[in-house]
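Written out below as structure tokens is the structure these notes cover.
None of the values given here were measured: they were computed from a predicted structure.
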Amino acid sequence: MKKISIDERKALRHLMDLLKIEGLSGQERNVAKAVTRKLIDAGCKRSWIRHDRVHEEIPGDWQVGNLILTLPGTDRRDRRLFMGHMDTVPLCRGAVPVVKGRRIVSDAPTALGGDNRTSVGALITMVETLLTHKLPHPPLTVLLTVGEEVGLWGARLVDPADLGNPTMGFNVDSGHPR
């Protein structure tokens, strides 16, 4: 079997690009646009990517709903769900991500926004790797929610029917940095 590797330079570029985009809760539109561009560049069809309308149900003024990618499978296994969130906390406003040694830090007096842009970058890289290398995979749904940092709004309000009936799901979020 041919060894498949992730393009680490490209994965890092995805993450660095995403960390530069301000996307506080309710203001995730620019993040969603960047993610959509990256998914299309990775080989996704525009018709596989959409937004739901949860932003119309959340109290206040919200720009966009959850981003949902429905990736067809190469086989007939059950659909899987991978999810993360696009928003960051206010402490990330003005972050300037830079690589210092083996770490990514903010070069401004702010938080970085790695929660949860790391997840978003990893999920883009996962999809890109599957499509680039034409790897076999079940049908996949990638759900990128809005408003996680202020009450899990996007996740609480998502319509399960929009997810394609996955039989298993994985929420990719931050853990302890090591």
Side-chain angles (χ1 to χ4, degrees), residues 1-21 23 28-54 64-88 97 99 102 104 113-148 152 154-178:
M1 177 178 218
K2 179 182 169 188
K3 182 179 176 184
I4 303 296
S5 62
I6 292 172
D7 185 337
E8 291 182 21
R9 288 181 37 215
K10 205 168 190 182
L12 178 61
R13 188 169 60 245
H14 290 321
L15 178 57
M16 295 299 285
D17 291 346
L18 292 165
L19 288 169
K20 292 175 188 173
I21 304 169
E28 295 99 332
R29 178 184 294 129
N30 289 336
V31 178
K33 285 181 180 179
V35 170
T36 298
R37 255 190 329 273
K38 287 180 175 295
L39 289 172
I40 290 170
D41 289 348
C44 292
K45 294 182 180 176
R46 182 67 184 98
S47 61
W48 300 346
I49 306 166
R50 63 188 175 80
H51 288 274
D52 64 13
R53 302 183 72 79
V54 300
V64 68
N66 297 319
L67 188 148
I68 302 170
L69 167 67
T70 307
L71 186 67
T74 60
D75 57 46
R76 299 180 67 101
R77 288 180 283 168
D78 291 341
R79 181 170 291 279
R80 304 294 196 268
L81 168 69
F82 291 87
M83 64 182 285
H85 64 89
M86 295 185 284
D87 62 320
T88 58
V99 176
R102 295 179 46 87
I104 301 170
D115 176 9
N116 195 338
R117 299 299 168 73
T118 304
S119 166
V120 177
L123 294 174
I124 291 167
T125 300
M126 175 189 76
V127 170
E128 182 175 61
T129 302
L130 289 171
L131 296 176
T132 298
H133 296 289
K134 297 176 177 41
L135 298 174
H137 60 85
L140 301 175
T141 299
V142 176
L143 170 65
L144 300 178
T145 64
V146 297
E148 189 273 350
L152 299 168
R156 282 195 290 150
L157 296 174
V158 70
D159 183 345
D162 286 340
L163 304 178
N165 302 311
T167 59
M168 191 180 301
F170 303 89
N171 181 35
V172 184
D173 205 334
S174 297
H176 186 273
R178 291 193 180 8

**Q.** Side chains of Ile104 and Leu12 in contact at under 4.5 Å (non-hydrogen atoms)
**A.** yes
Q. With distance as the sole test, does Arg50 use its side chain to make a donor-acceptor pair with the main-chain N or O of Leu69 at under 3.5 Å?
A. no
Q) For Thr70, does its backbone N or O pair with a side-chain atom of Arg79 as donor and acceptor, under 3.5 Å? A) no
Q) Please walk me through it: do Ile21 and Arg117 pass side chain to side chain contact (heavy atoms under 4.5 Å, CB included)? A) CA-CA 10 Å; Ile21 304 169; Arg117 299 299 168 73; 4.2 Å; yes
Q: Give a yes or no on whether the backbone of Asp52 and the side-chain of Asn66 come within a donor-acceptor separation of less than 3.5 Å.
A: no
Q: Indicate whether the side chain of His85 and that of Asp115 have a donor and an acceptor atom separated by less than 3.5 Å.
A: yes
Q | Distance-minimising heavy-atom pair for Leu135 and Thr74 | A | O-CG2, 3.9 Å
(Q) To check you understand the geometry: which heavy-atom pair defines the closest contact between Leu143 and Leu163, and what is its length? (A) CD2-CD2, 4.1 Å
Q: First locate atom CG of Leu152, then atom CG of Leu157, and finally report the distance between them rounded to the nearest 0.5 Å.
A: 10.0 Å
Q. Please walk me through it: do His137 and Leu71 pass side chain to side chain contact (heavy atoms under 4.5 Å, CB included)?
A. CA-CA 10 Å; His137 60 85; Leu71 186 67; 3.8 Å; yes
Q: Check Val146 against Gly65 and note the closest heavy-atom contact, atom names and distance.
A: CG1-O, 3.6 Å
Q) Under 3.5 Å, is there a donor-acceptor pair between the side chain of His14 and the main chain of Gly121? A) no
(Q) Applying side chain to side chain contact (heavy atoms under 4.5 Å, CB included) to Lys38 and Asp17, what does each step give before you reach the verdict? (A) CA-CA 10 Å; Lys38 287 180 175 295; Asp17 291 346; 2.8 Å; yes
**Q.** Heavy-atom closest contact (Val158 atom, Pro160 atom, distance)
**A.** O-CD, 3.3 Å
Q: Can you sort out the partners of Arg80 under side chain to side chain donor-acceptor pair (under 3.5 Å), two or more places apart, ordered by chain and number?
A: none
Q: Check side chain to side chain donor-acceptor pair (under 3.5 Å) between Arg13 and all other residues, then give those that pass, not counting sequence neighbours.
A: none
Q) Counting distance only, does the side-chain N/O of Thr145 pair as donor-acceptor with the main-chain N or O of Ala155 below 3.5 Å? A) no
Q) Can you tell if the side chain of Glu148 reaches within under 4.5 Å of the side chain of Asp173, non-hydrogen atoms only? A) yes
Q: Could you tell me whether the side chain of Leu67 reaches within less than 4.5 Å of the side chain of Glu28, counting heavy atoms only?
A: no
Q.
Please check this pair: side chain of Asn30 against backbone of Gly23, looking for a donor-acceptor N/O pair closer than 3.5 Å.
A. no
Q. Under a 4.5 Å cut-off applied to non-hydrogen side-chain atoms, are Trp48 and Pro72 in contact?
A. yes
Q. Is any side-chain heavy atom of Met16 less than 4.5 Å from a side-chain heavy atom of Val99?
A. yes
Q) Can you find a heavy atom in the side chain of Leu123 that is under 4.5 Å from one in the side chain of Val35? A) no
Q) Are any non-hydrogen side-chain atoms of Asp78 and Pro166 less than 4.5 angstrom apart? A) no
Q: Report, as yes or no, whether the 6.0 Å neighbourhood of atom CZ on Arg77 holds more than 12 heavy atoms from other residues, nucleotides or ligands.
A: yes
Q) Would Leu18 and Ile124 satisfy side chain to side chain contact (heavy atoms under 4.5 Å, CB included), going step by step from the backbone distance to the final call? A) CA-CA 11 Å; Leu18 292 165; Ile124 291 167; 4.0 Å; yes
Q | Residues, nucleotides or ligands: over 12 heavy atoms within 6.0 Å of Ile6 CD1 | A | no
Q. About how many Å separate CD1 of Ile49 and CG of Leu39, when rounded to the nearest 0.5 Å?
A. 4.5 Å
Q) Within a strict 4.5 Å, meaning less than it, do heavy atoms of the Ile40 and Arg46 side chains meet? A) yes
Q. CE/Met86 to OG/Ser119 distance, rounded to the nearest 0.5 angstrom?
A. 11.0 Å
